[in-house]
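Presented below is the structure to which this report refers.
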2 protein chains.
Amino acid sequence: MSQPSQVPTTRRAAVDPKECSITGTLAAIGDRWSVLVLRELFYGVRRFNDIQHDLGISRSVLTDRLARLVEIGVARTEPYQEPGDRVRQQYRLTRKGVRLLPVLVGLMEWGDEFLSNGDPPVVLEERDSGEQVRLELRSTSGALVAPHQIVTRARRRRVD
Amino acid sequence: MSQPSQVPTTRRAAVDPKECSITGTLAAIGDRWSVLVLRELFYGVRRFNDIQHDLGISRSVLTDRLARLVEIGVARTEPYQEPGDRVRQQYRLTRKGVRLLPVLVGLMEWGDEFLSNGDPPVVLEERDSGEQVRLELRSTSGALVAPHQIVTRARRRRVD
DNA sequence: CAGTATCCCAAGCGATACTG
DNA sequence: CAGTATCGCTTGGGATACTG
């Protein structure tokens with residue numbers, strides 16, 4: 001730990017950083033609030049005031065975030081009606097939004113491991129079996145893959 | 001406080017949002033740049049100027065982000081020395097930082113699916129087998145779990 | 001090469017009040 | 001209940017210049 005490293009230390013990213021999918025996803029939902037709003041929707045909280053209450057987000061910002069989530073297609077509005085009241089809108093995840101679940105679970109698992117002292121506030125379970133659900137990196141053959149066994153390969157962009 | 005619950009559209013989060021691990025992780029690395037810096041480190045880019053060049057981040061902000069990542073323990077500095085030059089610092093992921101890999105992969109996979117027209121700029125492969133690596137939600141018994149089969153269970157309930 | 005130090009602007013945000 | 005509208009403030013962050 002005190003010896004200067006002998007391995008090559010200089011290396012540029014193997015891919016144009018501007019074309020990386022991580023950059024794109026962050027541009028879509030990488031602001032301070034969107035992920036939290038998505039979490040609420042995943043938890044089943046669908047109404048404006050409930051989300052606002054849970055998150056402590058200001059109303060104007062929530063309006064903006066929900067509109068944006070709908071615009072990019074990860075959430076959709078759905079009409080509902082309380083008896084004796086007029087029709088209102090609620091918000092639900094689309095399939096495209098559900099596909100962000102691994103990101104949410106990844107954030108949750110890291111926080112569980114490093115921030116909550118082995119006492120996770122929420123656990124994810126499979127509905128039928130009651131078994132705990134975890135995120136795993138696996139190869140196409142189904143084997144678990146350790147992070148250090150993973151290499152990145154840049155693909156040549158198709159030109160059209 | 002009781003409600004006429006004809007339609008189950010209203011629901012509060014089953015957990016105190018302030019205690020959610022997602023909130024905590026976002027507080028740690030949820031800003032505009034940290035995840036991208038982590039991506040660089042995962043790609044093996046370790047030097048200040050290389051990261052700055054790749055991301056187009058300003059020098060003062062990069063200084064701040066790297067210091068913060070070191071402070072929270074997801075990155076560490078490591079001395080290295082070019083022949084005939086003085087010892088300098090480079091940055092590497094710690095184990096705690098490597099544990100954020102599923103988050104990066106989750107962001108990447110979503111971008112690959114919805115933003116890059118089925119033409120992912122980068123693929124992740126297992127070093128030995130060359131097989132593609134993907135993120136999966138599985139139960140403890142090892143079975144794949146569909147997102148809609150997942151339920152959340154709060155372990156510490158806060159009544160308000 | 002790897003940072004610091006300043007300056008300054010604009011986005012993001014909360015608070016508050018208002019509306020259909 | 002589900003938003004809009006307005007108003008400042010705060011802070012993130014880029015530009016630039018400087019340093020060991």
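Numbered from 1 within each chain, the chains take letters A, B, ... in sequence-line order.
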Could you tell me the separation between the [atom1] atom of [X] and the [atom2] atom of [N], rounded to a whole number of Å?
X	N	atom1	atom2	value
A:L62	D:dA2	CG	P	11 Å
A:I51	D:dA2	CD1	P	9 Å
B:H53	C:dA2	NE2	C1'	16 Å
B:R46	C:dC1	CZ	P	17 Å
A:R65	C:dG14	CZ	C1'	13 Å
B:W33	D:dT11	CH2	P	21 Å
B:D64	C:dT4	CG	P	10 Å
A:F48	C:dT19	CZ	P	17 Å

Is the base of D:dA2 touched by the side chain of A:R59 through a donor-acceptor pair closer than 3.5 angstrom? yes

What verdict does the side-chain contact (heavy atoms from CB on, under 4.5 Å) test give for B:I29 and B:L69, after you've listed the backbone C-alpha separation in whole Å, the side-chain angles of each residue and the deciding distance to 0.1 Å? CA-CA 8 Å; B:I29 53 121; B:L69 292 176; 4.2 Å; yes

Check ion pair A:R76-A:E78 (N to O, under 4.0 angstrom): yes

C:dC9 -> Watson-Crick or G-U wobble partner, both distances under 3.5 Å, gives D:dG12

With both distances under 3.5 angstrom, what nucleotide forms a Watson-Crick or G-U wobble pair with C:dG20? D:dC1

Between A:R88 and A:S60, whichever has its closest DNA chain C nucleotide further toward 5' is A:S60

Using only side-chain N and O atoms of B:Y91, determine if any of them is under 4.0 Å from OP1 or OP2 of C:dG3. yes

